[in-house]
Chemist: 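Sharing a structure with you now.
Count residues from 1 along the sequence.
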Amino acid sequence: MSSFCFFRALKQGDASIVVSVDRLSLLVVALIGFAFLGERPSVIGWAGLLFVAGGGILLSLS
């Protein structure tokens, strides 16, 4: 279902904005898991989340 929404958004909007929002949604899911479900990512997991967030922010700036 999310792929359908992703491709629909690509059809209607600018690819750089759509992809950055799509990547940042992964960060939102991870933060919800941390805050409400008690998930505890490893150090490597946190580093990966930071890289994803950084990439999403860089994509949205360009």
Side-chain angles (χ1 to χ4, degrees):
M1 183 68 174
S2 66
S3 295
F4 176 73
C5 294
F6 176 74
F7 288 118
R8 176 78 174 171
L10 278 176
K11 184 177 177 183
Q12 293 182 341
D14 187 25
S16 62
I17 295 172
V18 171
V19 171
S20 63
V21 170
D22 181 55
R23 296 299 165 231
L24 291 177
S25 67
L26 176 66
L27 181 64
V28 171
V29 169
L31 291 176
I32 289 172
F34 177 75
F36 298 109
L37 301 176
E39 294 289 327
R40 300 291 181 244
S42 64
V43 174
I44 294 173
W46 282 114
L49 289 171
L50 287 175
F51 281 126
V52 168
I57 291 169
L58 285 175
L59 279 172
S60 66
L61 294 176
S62 57

Chemist: Give the cluster check for W46 versus L27: same hydrophobic cluster or not, with ILVMFWY residues linked at side-chain heavy-atom distances below 4.5 Å.
Modeler: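 Yes: a chain of side-chain contacts under 4.5 Å links W46 to L27.
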Chemist: For atom CD1 of I44, is the number of surrounding heavy atoms from other residues, nucleotides or ligands below 6.0 Å larger than 12?
Modeler: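 Counting neighbours around CD1 of I44, 12 or fewer heavy atoms of other residues, nucleotides or ligands fall under 6.0 Å, so no.
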Chemist: Can you name the nearest heavy-atom pair linking E39 to F34, along with the distance?
Modeler: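 Nearest pair, atom of E39 first, then F34: O-CD1, 3.2 Å.
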Chemist: Hydrophobic cluster mates of F36, side-chain heavy atoms under 4.5 angstrom, ILVMFWY only, any path?
Modeler: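 Other cluster members: V28, I32.
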Chemist: Got a sec, which pairs hit side-chain hydrogen bond (donor to acceptor under 3.5 Å, both in side chains) with one end in residues 4-15, sequence neighbours left out?
Modeler: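 For residues 4-15: D14-S16.
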Chemist: Holding to side-chain contact (heavy atoms from CB on, under 4.5 Å), I want the full list of residues that pass it with L10, two or more places apart in sequence or in another chain.
Modeler: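 side-chain contact (heavy atoms from CB on, under 4.5 Å) check on L10 returns F6, F7, A15, V18.
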